[in-house]
**Student:** 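Have a look at this one.
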Amino acid sequence: MKIFKFGGASVKDAEGVKNLSAILKDYSNEYPVVIISAMGKITNALEAVVSNYLYSKSELNASIQVVSDFHETIISDLFLDKNHPIFNVVLNYINELKTILKTNTSTDYDFVYDQIIGFGELLSTAIVSAYLNKIGLNTTWLDVRNYIHTDANFRRATVNWEVTERQILTLANQNKVFITQGFLGSDSKNTTTLGREGSDYTAAIFAYALRAESVTIWKDVPGVLNADPRYFKDAQLLAQLSYTEAIELAFYGASVIHPKTLQPLQRRGIPLYVKSFLNPEAQGTVVNSCLGISPKVPCYIVKKQQILICISSLDFSYIVEENISDIFNILHRFKMKVDLIQNSAISFSVCVEDVFNNLEHVLEQFRVTYKVSHVSNVALYTVRHYVTDATDSFTKNKNILLQQRTQDTLQIVTK
């Protein structure tokens, strides 16, 4: 069995859905499990719904209408018969979204986010499944929330592997093409999410449970590149990566692969292919149990909108184990994603992502015990397998706030 994951860019419009269908036709006899993200930028549109619901009620109806109109346009292009059931399916999902917003009593952002954001995946998979059935490629739609079980840590839920594996194994050996959602799960009562870009992780969860032959992530890029072409010229395709190397790149922020995706695949030895849905016959990248990367070239990663926090003791005493434990406890409590740390005898610097908008709470906690300063909107550049020439050109004319080197990795924080 193969697991396929298609991201939002692959189904951003009707032509994208048709292209996905053409790819799946070549594999229909292998009965893949197909994981699909929300269409286009609809996750961003649903984030606007959440924000307006909590903070700007006057804009709420308009933001819901954006979501409705987007999907209405796509199904109108795909289904000439306006009596096709998919029109009612989409309408019912929009009405369900409105009902949740009317009946919800919670003001907790993370909870509300998880109850609303998943409508993007539910709508996209319903539309794609209906279209595939219309053109004769019979599929079975699944609600992934019945299969991936998690705790109630909304927006960053932890998978209950025992229950999840047991549920997913019920799908084995059925000789069906299953269509389901990425990113979503459920606790015993409510929808949860696995973190932004969690659809890749969903594919890995299914692959692990089903002992899949492979996972293929279909992207709008040729495969895993050694640099983001938006920021670096002459990006090169990496033909092959070891699990370890791919995990390193994912940890440092390479956007092609979700950081949690690779670990369950490595445990089962399941290869991961990253291929282009625009050119499905092309080579792409394979991640497997090989050593290192091929070709071995420097890999450049940039993460924008980081925050550099600098901490020192109020009385110039040492920053020791007790202090570092306290610092990380605060960062963990407020769900700050740590991307770089550096410490000296009396200071500690950390570069973080404020995914949950908790910066002010974190700074307030730190100021109780420490002297604290911070710089917002910095960029963190990472170079794996750096060489002198590449490093010199890379750091030229940059206002470097912090720099750190190991044998294989260079990281710099710039203003």
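For clarity, every value in this text was computed on a predicted model and none was experimentally measured.
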**Student:** Taking the side chain as C-beta and beyond, is there a heavy-atom pair between I148 and F206 under 4.5 Å?
**Tutor:**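 Side chain of I148 against side chain of F206, heavy atoms only: contact under 4.5 Å found.
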**Student:** Do the side-chain N and O atoms of Y243 and Q263 include a donor-acceptor pair separated by under 3.5 angstrom?
**Tutor:** no
**Student:** Please round to the nearest 0.5 Å and tell me the distance separating atom NZ of K304 and atom CG of L380.
**Tutor:**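 Rounded to the nearest 0.5 Å, the NZ-CG separation comes out at 11.0 Å.
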**Student:** Answer with yes or no whether the side chains of R155 and T193 bring together a donor and an acceptor at under 3.5 Å.
**Tutor:** no
**Student:** Would you call the rings of F111 and F154 parallel, tilted or perpendicular, where under 30° means parallel and over 60° means perpendicular?
**Tutor:**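 Because their plane-to-plane angle is over 60°, the rings of F111 and F154 count as perpendicular.
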**Student:** Can you find a pair of side-chain heavy atoms, one from L249 and one from L241, that are under 4.5 Å apart?
**Tutor:** yes
**Student:** Let me see the working for L46 and Y113 under side-chain contact (heavy atoms from CB on, under 4.5 Å), right down to the final yes or no.
**Tutor:** CA-CA 9 Å; L46 285 164; Y113 184 98; over 6 Å; no
**Student:** Kindly write out the residues that satisfy side chain to side chain donor-acceptor pair (under 3.5 Å) with N92, not counting sequence neighbours, or none if the list is empty.
**Tutor:**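 Checked N92 against side chain to side chain donor-acceptor pair (under 3.5 Å); zero matches.
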**Student:** Is NZ or CZ of K5 both nearer than 6.0 Å to the six-membered ring centre of Y273 and within 45° of the ring axis?
**Tutor:** no
**Student:** Determine, step by step, whether Y31 and Q174 satisfy the side chain to side chain donor-acceptor pair (under 3.5 Å) criterion, reporting the C-alpha distance in whole Å, the side-chain angles of both residues, the deciding distance to 0.1 Å, and the verdict.
**Tutor:** CA-CA 9 Å; Y31 304 110; Q174 291 197 29; over 6 Å; no
**Student:** Can you confirm whether K303 is buried at NZ, in the sense that more than 12 heavy atoms of other residues, nucleotides or ligands lie under 6.0 Å from that atom?
**Tutor:**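 Yes, because the 6.0 Å sphere around NZ of K303 holds more than 12 heavy atoms from other groups.
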**Student:** Please determine whether a side-chain nitrogen of the Lys or Arg among R367 and E364 lies less than 4.0 Å from a carboxylate oxygen of the Asp or Glu.
**Tutor:**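 Not counted as a salt bridge, because no side-chain N and carboxylate O are separated by less than 4.0 Å.
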**Student:** Identify whether the distance between the nearest side-chain nitrogen and carboxylate oxygen of K337 and D354 falls below 4.0 Å.
**Tutor:** no
**Student:** Measuring only between side-chain heavy atoms, which start at C-beta, is W141 closer than 4.5 Å to L122?
**Tutor:** yes
**Student:** I179 versus I36: any side-chain heavy-atom pair under 4.5 Å?
**Tutor:**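 Yes, their side chains come closer than 4.5 Å.
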**Student:** Any side-chain donor-acceptor pair under 3.5 Å between S37 and S199?
**Tutor:**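 Note: S37 and S199 side chains meet the donor-acceptor criterion.
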**Student:** Say you draw a straight line from CZ of F328 to OG of S325; how long is it, rounded to the nearest 0.5 Å?
**Tutor:** 9.5 Å
**Student:** Where does the angle between the aromatic ring planes of F366 and Y370 fall among parallel (under 30°), tilted (30 to 60°) and perpendicular (over 60°)?
**Tutor:** perpendicular
**Student:** Mind listing the closest non-hydrogen atom pair of A254 and I301 along with its distance?
**Tutor:**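 Of all heavy-atom pairs spanning A254 and I301, the closest is N-CG2, 3.7 Å.
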**Student:** Is any side-chain heavy atom of H361 less than 4.5 Å from a side-chain heavy atom of I330?
**Tutor:**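 Heavy-atom side-chain distance check fails, nothing below 4.5 Å.
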**Student:** Distance only, no hydrogens: is a donor on one side chain within 3.5 Å (strictly under) of an acceptor on the other, for T191 and S186?
**Tutor:**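 No, no side-chain donor-acceptor pair sits under 3.5 Å.
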**Student:** Say you draw a straight line from CD1 of I217 to OG1 of T261; how long is it, rounded to the nearest 0.5 Å?
**Tutor:** 5.5 Å
**Student:** Between V378 and C351, which heavy-atom pair has the shortest distance, and what is it?
**Tutor:** CG2-SG, 4.3 Å
**Student:** Is the cationic atom of K275 (NZ for Lys, CZ for Arg) positioned less than 6.0 Å from the six-membered ring centroid of F277 and within 45 degrees of its normal?
**Tutor:**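 Ring-cation test returns no.
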**Student:** With heavy-atom distances below 4.5 Å as the criterion, would you say the side chains of K2 and E213 are in contact?
**Tutor:** yes
**Student:** Could you check E165 against H149 for side chain to side chain donor-acceptor pair (under 3.5 Å), going step by step and ending with a plain yes or no?
**Tutor:** CA-CA 9 Å; E165 185 173 2; H149 292 259; over 6 Å; no
**Student:** If only side-chain N and O atoms count, and only distance matters, is there a donor-acceptor pair under 3.5 Å linking N399 with T414?
**Tutor:**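 Not at all, the side chains of T414 and N399 share no donor-acceptor pair under 3.5 Å.
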**Student:** Can you tell me if CD on Q305 sees more than 12 non-hydrogen neighbours from other groups inside 6.0 Å?
**Tutor:** no
**Student:** Nearest 0.5 angstrom please: F119 CZ to Y93 OH, how far?
**Tutor:** 8.0 Å
**Student:** Assess whether side chain to side chain donor-acceptor pair (under 3.5 Å) is satisfied between S349 and Q342, documenting all intermediate values.
**Tutor:** CA-CA 5 Å; S349 297; Q342 188 174 92; 5.7 Å; no
**Student:** Side-chain contact, heavy-atom cut-off 4.5 Å: S21 with Y131?
**Tutor:**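 S21 reaches Y131 side chain to side chain.
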**Student:** Heavy atoms, side chains only, cut-off 4.5 Å: are C299 and L238 in contact?
**Tutor:** yes
**Student:** Work out which heavy atom in F178 is nearest to a heavy atom in L171; give both atom names and the distance.
**Tutor:** CE1-O, 3.7 Å
**Student:** Which residue pairs pass the salt bridge (Lys or Arg N to Asp or Glu O under 4.0 Å) test with at least one member in residues 63-77, sequence neighbours excluded?
**Tutor:** none
**Student:** Do the ring planes of F6 and W218 sit parallel (below 30°), tilted (30 to 60°) or perpendicular (above 60°)?
**Tutor:** parallel
**Student:** How about F356 and F334: are their ring centroids closer than 6.0 Å?
**Tutor:**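 F356 vs F334: aromatic centres not under 6.0 Å.
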**Student:** Are Y208 and W161 an aromatic pair by the rule of ring centers under 6.0 Å?
**Tutor:**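 Yes, close enough.
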**Student:** Are more than 12 heavy atoms, taken from residues, nucleotides or ligands other than K102, located less than 6.0 Å from that residue's NZ atom?
**Tutor:** no
**Student:** Could you tell me which non-hydrogen atom of L340 sits nearest to which non-hydrogen atom of Q411, and how far apart they are?
**Tutor:** CD1-OE1, 3.2 Å
**Student:** Show, in sequence, the C-alpha distance, side-chain angles and deciding distance for N153 and T158, and conclude whether the side chain to side chain donor-acceptor pair (under 3.5 Å) test is met.
**Tutor:** CA-CA 7 Å; N153 186 16; T158 299; 5.0 Å; no
**Student:** If I take atom CG from residue L210 and atom CD1 from residue I205, how far apart are they, to the nearest 0.5 angstrom?
**Tutor:** 11.5 Å
**Student:** Any side-chain donor-acceptor pair under 3.5 Å between N104 and Y53?
**Tutor:**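 A donor-acceptor contact under 3.5 Å links the two side chains.
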**Student:** Thinking salt bridges, do D228 and R230 make one under a 4.0 Å N-O criterion?
**Tutor:**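 Yes, D228 and R230 are salt-bridged.
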**Student:** Check for a donor-acceptor pair, side chain of T285 on one end and backbone N or O of V224 on the other, with a separation under 3.5 Å.
**Tutor:**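 Judged by distance alone, yes, a pair lies under 3.5 Å.
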**Student:** Work out which heavy atom in Q236 is nearest to a heavy atom in N226; give both atom names and the distance.
**Tutor:**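 Looking at all heavy atoms of both residues, the closest pair is N-OD1, 2.6 Å.
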**Student:** State whether a side-chain donor-acceptor pair under 3.5 Å links T192 with D114.
**Tutor:** no
**Student:** CG of D315 to NZ of K371: how many Å apart, nearest 0.5 Å?
**Tutor:**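 Reported to 0.5 Å precision, the distance equals 12.0 Å.
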**Student:** With a 3.5 Å cut-off and no angle check, do the side chains of H385 and E245 form a donor-acceptor pair?
**Tutor:** yes
**Student:** What are the two closest non-hydrogen atoms of S317 and I346, and how far apart are they?
**Tutor:**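 Closest pair (atom of S317, atom of I346, distance): O-CG2, 3.7 Å.
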